[in-house]
Amino acid sequence: DAEITQSPRHKITETGRQVTLACHQTWNHNNMFWYRQDLGHGLRLIHYSYGVQDTNKGEVSDGYSVSRSNTEDLPLTLESAASSQTSVYFCASSGGGRETQYFGPGTRLLVL
Amino acid sequence: AQKVTQAQTEISVVEKEDVTLDCVYETRDTTYYLFWYKQPPSGELVFLIRRNSFDEQNEISGRYSWNFQKSTSSFNFTITASQVVDSAVYFCALSEASKAAGNKLTFGGGTRVLVKP
């Protein structure tokens, strides 16, 4: 069955380190998204991509970057992790501009 | 800019009671989509329902129903005869419909529902 996966599911890192969170989908969806979930804020959009080589900034993009080299993957990189980036990160994908987004299981990141 | 407000932060009910979750949204678009997602204690986000702005017909799907009122910018969600397994955080979300906007979602802050046996 087609699915969307994230790895690692849990990560502990130190302030200043570079961290990459993986997202992989097998639906062949064009659109992929990264959100972070914090208490009291719901989910907020970090970056998104509408296809290979396309990336766009979302509402809370500072300190994060993404790259899209193929349809299946959209890795999220924290260039220099900060304690404020401790959060739960969700990846999502959708088939087109008006399709429903389906979410991965999430990655819980702790920055010490 | 889009905004979604879920004024209820937490609702506690006894099993078999009905639960209604409020959602109020703001958008300048005339065409948009509204969603409800469920996040059970296990943490994943599960898609529940989707409604297009040009279709105000309210529907029922099993124990779920929703009331979309464009005039008041509200998209309320009801769980009938609640069960313990309905305990979760429920998110309302909004996306623009224009091709340029893609389908970026704006989420409300979520409502935690606790169903007690």
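Worth saying up front: this structure is predicted, and the values here are computed from it rather than measured. Numbered from 1 within each chain, the chains take letters A, B, ... in sequence-line order.
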* Going only through I, L, V, M, F, W and Y residues with side-chain contacts under 4.5 Å, is there a path from B/V13 to B/W66? -> yes
* Asked: Any side-chain heavy-atom pair from B/K104 and A/F33 closer than 4.5 angstrom?
  -> yes
* Asked: Which atoms of B/Q39 come close to chain A, meaning under 4.5 Å heavy atom to heavy atom: side chain ones, backbone ones, both, or neither?
  -> side chain
* Flag side-chain contact, heavy atom, 4.5 Å: A/L43 against B/Y37 -> no
* Structure fact -> Value for CG (B/L48) from OG1 (A/T100), rounded to nearest 0.5 Å, stands at 11.0 Å
* Treat each ILVMFWY residue as a node, draw an edge where side-chain heavy atoms are under 4.5 Å apart, and state whether B/L21 and B/Y64 are in one component. => yes
* Asked: What do you reckon, is CG of A/L112 surrounded by more than 12 foreign heavy atoms closer than 6.0 Å?
  -> yes
* Under 4.5 Å heavy-atom distance to chain B, tell me which part of A/E59 shows up: side chain, backbone, both or neither. => neither
* To do: Calculate, to the nearest 0.5 Å, the distance between atoms CZ and CD belonging to B/F35 and A/Q101 respectively.
  => 7.5 Å
* Structure fact -> Only one of A/Y35, A/Y102, A/F90 passes side chain to side chain contact (heavy atoms under 4.5 Å, CB included) with B/L45, and that residue is A/F90
* Enclosure of A/R44 CZ (heavy-atom neighbours >12, cutoff 6.0 Å) -> yes
* Measure distances from A/L45 to the heavy atoms of chain B and classify the residue's part below 4.5 Å as side chain, backbone, both or neither. => side chain
* Which residue pairs satisfy the disulfide (SG to SG under 2.5 Å) criterion with at least one member in residues 6-49 of chain B, sequence neighbours excluded? -> B/C23-B/C92
* CZ/B/R63: more than 12 non-hydrogen atoms of other groups inside 6.0 Å -> yes
